Each structure stands twice: as C-alpha cells, then as structure tokens.
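Reading through the structure tokens given below for one structure.
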Amino acid sequence: MHRTGSTGLGIDTESPVGALYDLPQRGSSAISSGRKVAVYGDLKPEHVPIDGPRLHVIDPAVQWAGGPHPDIAKLIGRSLLLATGHPDREAGQQIVRGIASTLTRQVSAVPAHERAGWLREVLVLWLMDTVNILSTGLSAPRGLPLAPRQRALVAQAHAVAGIVHRVSGLLTGTMAGPRLLELVFSEVEHTTGRKW
C-alpha cells in the first residue's frame with residue numbers, strides 16, 4: 001500500500017523508515033503540545049564542561065518546545081550512554097545514581113496531577129534521542145572517523161538497543177510515576193551492571 005506521508009512527498013509510511021514520518025501523529029499523546037518555551041536545545045554532557053567548581057554551558061541550539069522536556073531528556077540520555085560505556089564501573093554507577101536522583105527531584109517538582117505525563121514525555125524523548133544517536137554511529141560510512149564517545153557507543157550497541165527495547169515496552173503499558181521510574185532504572189542496571 002502506497003500512501004502519501006504528511007510531507008506530501010509520496011513516502012510509503014508503511015515501511016519502517018517511512019513510518020518515521022507518521023511519528024508526530026502517532027506520538028501526539030506522548031509528546032506535549034502545550035505552550036511554547038525557549039529551551040537550550042542541545043544540552044548534553046559534552047556541552048557542559050566543568051572548570052573547577054564552575055559549569056560552563058556551550059554550543060546552544062535554542063528552540064521552542066512545550067517545556068524543558070527535550071533538554072532534560074537529552075542530558076539524561078547522553079549521560080546514561082556515558083555511564084554504560086564508562087571503563088570505570090564505580091564511576092558509571094555514580095553517573096547512573098546521579099541521573100536517577102536528579103530525575104526523581106525533577107519529577108517531584110512537577111505538580112502532582114502532571115507528573116505521570118511529564119515523566120512519560122521525558123522518557124519517550126530520551127528513547128528517541130538514544131535511537132537517533134545510536135543510529136548515527138551505526139550507519140556511519142566505513143572509514144569515517146568517529147569520536148571516542150561514538151566508538152564506545154557503537155561497541156555497546158547491543159546493550160543500548162536492549163535498554164531501548166525494554167523501556168519502550170514499559171512505556172506502552174499503564175504504569176506511571178515512581179514505580180515506572182524505578183523499573184526504567186532497574187532495566188538500565190540489569191543491562192549495564194551500573195547500579196543506581
């Protein structure tokens with residue numbers, strides 16, 4: 001069956017790649033269309049260098065979003081990727097514990113009636129970014145030099161894909177709130193051996 005995608009380019013949205021064009025419509029219940037706010041846009045560990053006690057935030061890609069979810073999701077996701085590939089197991093565990101603690105604090109600051117939706121949205125965006133960065137590394141042409149972080153991610157591709165698969169399964173269910181967060185980090189711990 002050949003359908004015209006939302007772009008009007010005659011894209012077969014039944015194919016796996018073409019289905020990506022349908023994500024905005026299919027994912028509309030998971031991603032907020034609320035009021036727009038300016039967000040950093042590309043907040044990830046390598047854009048927050050530490051100089052002694054000071055943090056510096058560099059290379060913004062300011063954009064409009066329905067809330068801080070994209071920044072939180074990308075920072076959490078990229079930090080978890082650092083933890084999964086970190087050569088020092090204890091350092092990886094500290095990263096995971098710090099992420100879990102930070103996300104728990106962020107969730108508790110959201111009004112109670114919005115927490116389940118807020119958490120689900122952050123987790124969906126985290127998974128989307130993780131698949132994006134993983135596919136970038138895996139699809140790089142042979143001979144293209146990858147950064148050390150990208151090489152480490154490609155080496156962990158199976159484990160990362162497993163996390164994405166299992167967390168996606170959790171998100172398709174009805175579980176929400178602290179129990180959902182606990183199970184998500186249990187999956188990270190189970191797959192990577194990084195306890196939180």
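In this text, all values refer to a predicted model and were calculated from it rather than measured experimentally.
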Side-chain contact test, heavy atoms from C-beta onward, threshold under 4.5 Å: evaluate it for T136 versus N132 and give yes or no.
-> yes
Q: For R97 and E90, run salt bridge (charged side-chain N to carboxylate O under 4.0 Å, His left out): C-alpha distance rounded to whole Å, both residues' side-chain angles, the deciding distance at 0.1 Å, then the answer.
A: CA-CA 10 Å; R97 282 192 299 266; E90 180 57 35; 3.0 Å; yes
On a heavy-atom basis, the closest approach of P70 and A65 is CG-CB, 3.8 Å
So CD of E182 and CD of E189: to nearest 0.5 Å the spacing works out to 10.0 Å
With V167 as partner, the option from V188, V184, L183 fulfilling side-chain contact (heavy atoms from CB on, under 4.5 Å) is V184
Rounding to 0.5 Å, atoms CG (L170) and CG (L123) come to a distance of 9.0 Å
d(L75 CG, L103 CG) to nearest 0.5 Å is 10.5 Å
*So, Q150 side chain and A147 main chain: donor-acceptor pair closer than 3.5 Å or not?*
yes
| field | Non-hydrogen side-chain atoms of L82 and R149 separated by less than 4.5 Å | value | yes
inquiry  = Run L171 and L127 through side-chain contact (heavy atoms from CB on, under 4.5 Å) and show every step you take.
reply    = CA-CA 10 Å; L171 290 174; L127 293 178; 3.6 Å; yes
Compare all side-chain heavy atoms of E46 with those of R78 and state whether any distance is below 4.5 angstrom. yes
Heavy atoms of G173 and R120 approach each other most closely as O-NH2, 3.6 Å
Heavy-atom closest pair (S79 atom, I95 atom, distance to 0.1 Å) is O-CG2, 3.4 Å
Minimal heavy-atom distance between G177 and L119, with the atoms involved, is O-CD2, 3.4 Å
OG1 (T104) and CD1 (I99) are apart, to the nearest 0.5 Å, by 11.5 Å
Taken to the nearest 0.5 Å, the spacing of F185 CZ from L180 CG works out to 10.5 Å
Taking every heavy atom of V107 against every heavy atom of R115, the minimum-distance pair comes out as O-NE, 3.3 Å
L138 and A157 have their tightest heavy-atom pair at CD2-CB, 4.0 Å
Rounding to 0.5 Å, atoms NZ (K44) and CG (L81) come to a distance of 11.0 Å
